[in-house]
Amino acid sequence: MTSAPQLLTDPFLQLPTENSVRVVWFTEFAGSQHTVNYGENLAETARASTIKLSRTREDQQSRVGNQTANGQVYQQTVNRDIWRHEAEVTLSVVEGLTPARVNYRVTSVREDGESVSSDVFTLAPNPKPGTPLKILLTSDHQLKPMTAANLQKVVETVGRVDGVWFAGDLINISDRASEWFDDNRGGAFFPALQGRANYTMNHDGVKTTYTGGQIIQHAPIFPCIGNHEVMGRFQRMASLDDEFNDTIPRAVAQRLYSGKSLKNNSFNTDTYEEIFTLPTNKTGGKQYYAVSFGDVRLVVLYITNMWRTPKLDSPYRGRYQEAVADLNHPEKWGYGQLIYEAIAKGSQQYNWLAAELNSDEFKQAKYKVVMFHHPPHTLGDNIVPAYTDPVQIITRDDFGNIKSVRYEYPKNDDYITRDVIPLLEAANVQFVLYGHSHLWNRFVSPRGMHFLETSNVGNTYGAAWGERKREVPTGYQEKYVELGDPNGLEPIVPTIAPLLGEDGKPMPYIASNNITVFSIFDTGTGTVSSYRFDTRKPDSEVIKFDEFQLK
């Protein structure tokens, strides 16, 4: 007997316009028909188009079905067939009136005629200027332990949000399907954001199961690319983890793999781009984009690089040097923390950004916000070294044999602080949102531009503050900064209820594997509020601990 068909995800919302919105969902069957019913009594119908994801796979490290970490089901990397369905729902919008929310439900019909439908959710077109909105600011979920609790508390605390801005690192390994859809630990990307998670936390013998929040069924999500959305050389390594770590610069790939696929032999963001429908531009596709949403012009940039270990005694390729075992094998080198998309002055992305900041849509927006993944200011570890192309230094012995390959990152060539931030300041950007270091901290520039990193859902790397220093090399040409923000701003102490350090003084950050943080931008008041919840005390209140206002 054939089991009943199931949806792999609930529907979620993408790319709202003034009179439409896209509805997207996934199944593990191609199906014969996929539709959205919407409107009064769900009487109107929109048909969906379908594509098959091209690179989704599982491997020995997948946690899916009955497989734990031991790889007893998937003993090698195998393809996983997943289909994406998308329908554009067109709405009748009365001029001058705020569009009303509309009920909708999706239905997929399997090839044998059996069908499955979702619950009923709500959608709306792009909100008009003047519409007060609550926008969730988040990043770096990566199936981390506090993600489901974090998102559940968002809904319990502020109710339904109107949009989600996600500053990168949605998952860990972009091509591993289960991380998006059904990781058996209960905290995959879509279940957590759709209230279908099943993640249990255990503190002192007390177990609490969190379901996440029903969020993106009702609110469009606008993500950006973090380093974990990028995959390395395709099908060259034994596991997806190794493939993820196997990125090399495009120029090196051209030299090593002349005549072969440049993308397959360097890095790609194919799965991310296939999953999301985002605004496109002529130069960057949907890897960077801009969108108007109510009173906000949101500019999303592709600013991220390959994370590599800072340890000099590691047997692996690192930020500052190549592994000793690989010195005579350039095809195995990591080439430092390579930047995936140029943002330096004169690059395509920089020129696109300059044009966007000069556009009428940007200039006329009440709130001007820029989002990307890599931090311009932070107490976290991942801001060091500077965001610039690695300078390779090869030393040889008297016989020409390679003795070492190391990398320097000149601080004066940091593309974010040297090129991007002055451009944003000149355009009167009020707010920059980012992630990457798995903590909460914020800063304000002398000209009043706000910087917020709100990415604390577990697996924190800590903060370079007090006695705790970053791991940086000595004896290099550059002097790498061990404490504080390397780019010169002092962190802001939370304005309402800061946590206290061991010395009893208020701390200007939260870096915790027990206390999770989320932030909400209320466009009606122009305030950005941050909240914390102690997962060790499941019955405790969510505490608003910081707030600032955009002007």
Side-chain angles (χ1 to χ4, degrees), residues 7 9-26 36 38 86-89 91 93 98-106 118-139 141 147-148 150-168 170 180 188-197 211-224 275-279 289 291-298 300 367 369 371 433 454 457 518-525 527-531:
L7 302 179
T9 65
D10 271 346
F12 67 102
L13 303 181
Q14 293 274 264
L15 200 63
T17 70
E18 62 181 11
N19 64 352
S20 71
V21 65
R22 309 288 181 91
V23 179
V24 179
W25 70 103
F26 296 86
V36 180
Y38 65 99
E86 177 181 305
E88 184 172 13
V89 171
L91 303 163
V93 179
T98 299
R101 285 200 159 266
V102 171
N103 288 338
Y104 78 98
R105 178 178 64 203
V106 304
S118 70
D119 291 339
V120 176
F121 307 109
T122 65
L123 54 76
N126 209 25
K128 294 180 179 295
T131 305
L133 305 171
K134 288 181 291 186
I135 300 170
L136 171 62
L137 313 177
T138 190
S139 75
H141 287 185
T147 303
N150 181 289
L151 297 172
Q152 182 171 320
K153 293 303 174 181
V154 168
V155 175
E156 292 176 0
T157 304
V158 303
R160 182 179 297 164
V161 299
D162 300 290
V164 179
W165 295 349
F166 202 120
L170 290 72
W180 293 100
F189 176 80
F190 281 107
L193 278 162
Q194 296 187 323
R196 291 176 173 271
T211 59
Q214 192 183 104
I215 296 174
I216 58 175
Q217 295 99 319
H218 304 275
I221 179 171
F222 298 97
C224 77
I275 285 175
F276 295 104
T277 297
L278 301 169
Y289 59 90
V291 62
S292 295
F293 192 66
D295 281 325
V296 185
R297 186 67 172 177
L298 174 66
V300 178
Y367 300 114
V369 181
M371 177 173 73
L433 172 67
T454 178
V457 292
F518 63 88
S519 300
I520 301 291
F521 177 26
D522 184 337
T523 68
T525 60
T527 55
V528 178
S529 304
S530 292
Y531 301 79

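Remember, predicted model here, so these are calculated numbers, not experimental data.
- Applying the ring pair (Phe, Tyr, Trp, His ring centres under 6.0 Å) test to Tyr531 and every residue at least two apart in sequence or in another chain returns Phe518.
- Residues passing the side-chain hydrogen bond (donor to acceptor under 3.5 Å, both in side chains) test with Trp180: none are found, sequence neighbours excluded.
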Requested in this report: Output, in order, the C-alpha distance, side-chain angles, deciding distance and verdict of side-chain contact (heavy atoms from CB on, under 4.5 Å) for Gln214 and Asp10.
Outcome: CA-CA 10 Å; Gln214 192 183 104; Asp10 271 346; 5.5 Å; no
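- Put simply, OG1 on Thr122 and OH on Tyr38 are 15.0 Å apart, with the number rounded to the nearest 0.5 Å.
- With sequence neighbours excluded, the residues that form a ring pair (Phe, Tyr, Trp, His ring centres under 6.0 Å) with Phe293 are Phe222.
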Query - Residues Tyr104, Val21; criterion side-chain contact (heavy atoms from CB on, under 4.5 Å); working and verdict - result: CA-CA 11 Å; Tyr104 78 98; Val21 65; over 6 Å; no
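- Using a 4.5 Å cut-off on side-chain heavy atoms (C-beta onward), Leu123 and Leu91 make contact.
- Rounding to the nearest 0.5 Å gives a distance of 10.0 Å between CZ of Phe521 and CG of Leu298.
- Taken to the nearest 0.5 Å, the CD1 atom of Ile135 stands 9.5 Å off from the CD1 atom of Ile520.
- Here the closest non-hydrogen pair linking Leu151 and Ala192 is CD1-O, 3.3 Å.
- When every heavy atom of Ala167 is checked against every heavy atom of Cys224, the shortest pair comes out as C-SG, 3.5 Å.
- In this structure, the side chains of Leu278 and Pro223 come closer than 4.5 Å at one or more pairs of heavy atoms.
- Not counting sequence neighbours, the partners of Ser530 by the side-chain hydrogen bond (donor to acceptor under 3.5 Å, both in side chains) test are Trp440, Ser519.
- Between Trp165 and the choices Thr138, Val369, Leu136, the side chain to side chain contact (heavy atoms under 4.5 Å, CB included) rule is met once, by Val369.
- Thr527 pairs by the side-chain contact (heavy atoms from CB on, under 4.5 Å) definition with Asp522, Thr525, Ser529, Glu547, Gln549, not counting sequence neighbours.
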Query raised in the report: For Val528 and Thr454, what are the C-alpha separation, side-chain angles and deciding distance, and is it a side-chain contact (heavy atoms from CB on, under 4.5 Å)?
Result: CA-CA 11 Å; Val528 178; Thr454 178; over 6 Å; no
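- With a 4.5 Å cut-off on side-chain heavy atoms, Phe189 and Thr9 do not count as touching.
- Under a 3.5 Å cut-off, the side chain of Ser118 and the backbone N or O of Val106 do form a donor-acceptor pair.
- No side-chain heavy atom of Phe121 sits under 4.5 Å from any side-chain heavy atom of Phe12.
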Requested in this report: Given side-chain contact (heavy atoms from CB on, under 4.5 Å), test Val23 with Leu13 step by step and report yes or no.
Outcome: CA-CA 5 Å; Val23 179; Leu13 303 181; 3.9 Å; yes
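- Residue pairs meeting the salt bridge (charged side-chain N to carboxylate O under 4.0 Å, His left out) criterion with at least one partner in residues 152-162, sequence neighbours excluded, are Lys153-Glu156.
- Every residue two or more places apart in sequence or in another chain was checked for a side-chain hydrogen bond (donor to acceptor under 3.5 Å, both in side chains) with Gln194, and none qualifies.
- Formation of a donor-acceptor pair under 3.5 Å by the Gln152 side chain with backbone atoms of Asn150 is not found in this model.
- Scanning both residues, Gly130 and Asp295, for their nearest heavy atoms gives N-OD1, 2.8 Å.
- By the ring pair (Phe, Tyr, Trp, His ring centres under 6.0 Å) test, Phe26 pairs with Phe181, Phe190, sequence neighbours left out.
- Here the closest non-hydrogen pair linking Ala219 and Gly163 is CB-N, 3.6 Å.
- Listed by chain and residue number, Gln14, Leu15, Glu86, Glu88, Thr277 satisfy the side-chain contact (heavy atoms from CB on, under 4.5 Å) test with Arg22 (two or more places apart in sequence, or in another chain).
- Residues forming a side-chain contact (heavy atoms from CB on, under 4.5 Å) with Ser292 (at least two apart in sequence, or on another chain): Arg297, Glu361.
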